Amino acid sequence: MKSRLEYPIKFTPILKKKIWGGNALVGKFNKKSTKKNIGESWEISGVDEDVSVVSNGELRGVNLNELIREFKGDLVGEKVFDNFGDKFPLLFKFIDAKENLSIQLHPNDELAAKRHNSFGKTEMWYVMHSEENSELYAGLTKKLSKEEYLDYFHKGELLDIIHIDEVSRGDSYFIEVGTIHAIGAGIVLAEIQQTSDVTYRIYDWDRVDSNGNSRELHTDLAIDAIDLSKIGSCKLHYCNKINEVNNVLDCKYFTTNKLFVSDSIYRDYKELDSFIVYMCVSGRGQIVVGDKIEYLEQGNTVLIPAFVKSASICNLFNFELLEVYIK
């Protein structure tokens, strides 16, 4: 029955321990784990071996793949289902970087399909917290040939050619495939990306694990995937009007809007043939679908099925959301 879909669906976070991870996701966002150094919380995932499971309502205990197989376009949207079948197209994360992430890049769709039977990995970041002088690394400072890039690489001088931005809460970045990038220490952010777990690591700050081992680098794979035309900052610029829908990014893979709700916002989805995901990046509030109410606070994520045609979003305290869908 389609009516089983008529509520904001939450999923159990999938927590990932990382060598660079911190304690904010557990300590500040109330993610449930006894482990330390939790670097990532996968909020909604269709990645093989890491498929999200519903944690609330009538569909509790059903995983995302099972939902798509049962409800098809009523869950994800007819065009989305036609394009992706039972593969959920996006991956939603919160990331806590206590230390720098590796300098890395991701392959495009064609290369990822050929090498890994995967989508590429276009992604977007929204900074939720940053320590003083925290930095993001993304893009290049100048145009380079592959030979020039390799010269910097082999001399250990990659940081001399990577664009660096000092960041603040609310900053947002678009990381297209092939772009050299890294999240710097002291940053907590929301990440929206294609469903892919393919990363080519090209520098890892010379660090080693508890056994004295360095992490693998992917130098040869990366050289065919790198886009050396990505010059300058990858920062996005957007309005932040209260009680309005502020567009942050439109790309072929997803659209992201920012909602700063001081009262309430009514969202009409009748013209939208897609699921909608809300990530709470600040404060707390509620989303109302019919007679169903779901409360959100910072670090929570919900999915609104495509079958739902409207929702009311109400502030309880400094409620800020990212709204994501596929046009």
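Predicted model only: the values in this text are computed from it and were never measured.
- A cation-pi arrangement, defined by a distance under 6.0 Å to the six-membered ring centre and an angle within 45 degrees of its axis, is absent between K309 and F307.
- Classification of E70 and R4 as a salt-bridged pair holds, one side-chain N sitting under 4.0 Å from a carboxylate O.
- No hydrogens or angles considered: a donor-acceptor pair under 3.5 Å links the side chains of Q194 and T122.
- Looking at every heavy atom in both residues, E43 comes nearest to F11 through O-CB, 3.6 Å.
- Of the charged side-chain nitrogens involved, at least one lies within less than 4.0 Å of a carboxylate oxygen, so that R169 and E320 count as a salt-bridged pair.
- Taking a cutoff of 4.0 Å between a charged side-chain nitrogen and a carboxylate oxygen, D48 and K87 qualify as a salt bridge.
- A salt bridge links E99 with R207; the closest basic N to acidic carboxylate O contact falls under 4.0 Å.
- Of the listed residues (V177, I226, D227), just one forms a side-chain contact (heavy atoms from CB on, under 4.5 Å) with L105, and that residue is I226.
- Taking a 6.0 Å sphere around CD of E132, one finds it holds 12 or fewer heavy atoms contributed by other residues, nucleotides or ligands.
- Between E323 and R267 there is a salt bridge, since a side-chain N of the basic residue sits under 4.0 Å from a carboxylate O of the acidic one.
- In this structure, K16 forms a cation-pi arrangement with W42, its terminal cationic atom sitting closer than 6.0 Å to the ring centre and no more than 45° off the ring axis.
- In terms of modelled atom types and a separation under 3.5 Å, the side chain of R201 and the main chain of I103 share no donor-acceptor contact.
- Checking side-chain atoms of S233 against main-chain N and O of K235 turns up a donor-acceptor pair under 3.5 Å.
- Within the 6.0 Å centre-distance limit, the rings of Y200 and H116 are counted as a close aromatic pair.
- Looking only at distances, no side-chain donor or acceptor of K36 sits under 3.5 Å from a matching main-chain atom of K17.
- Other residues, nucleotides and ligands place no more than 12 heavy atoms under 6.0 Å from the OH atom of Y152.
- The residues R115 and D224 are annotated as salt-bridged, a charged nitrogen and a carboxylate oxygen being separated by less than 4.0 angstrom.
- From N30, atom CG reaches atom CD of E297 across 5.5 Å, with rounding to the nearest 0.5 Å.
- Annotation: K10, atom NZ; neighbour count of heavy atoms from other residues, nucleotides and ligands within 6.0 Å is above 12.
- Side-chain rings of F275 and F88 approach one another, their centers coming within less than 6.0 Å.
- For F84 and F119, the distance between ring centers is under 6.0 angstrom.
- The backbone N or O of F319 sits less than 3.5 Å from a side-chain atom of N315, completing a donor-acceptor pair.
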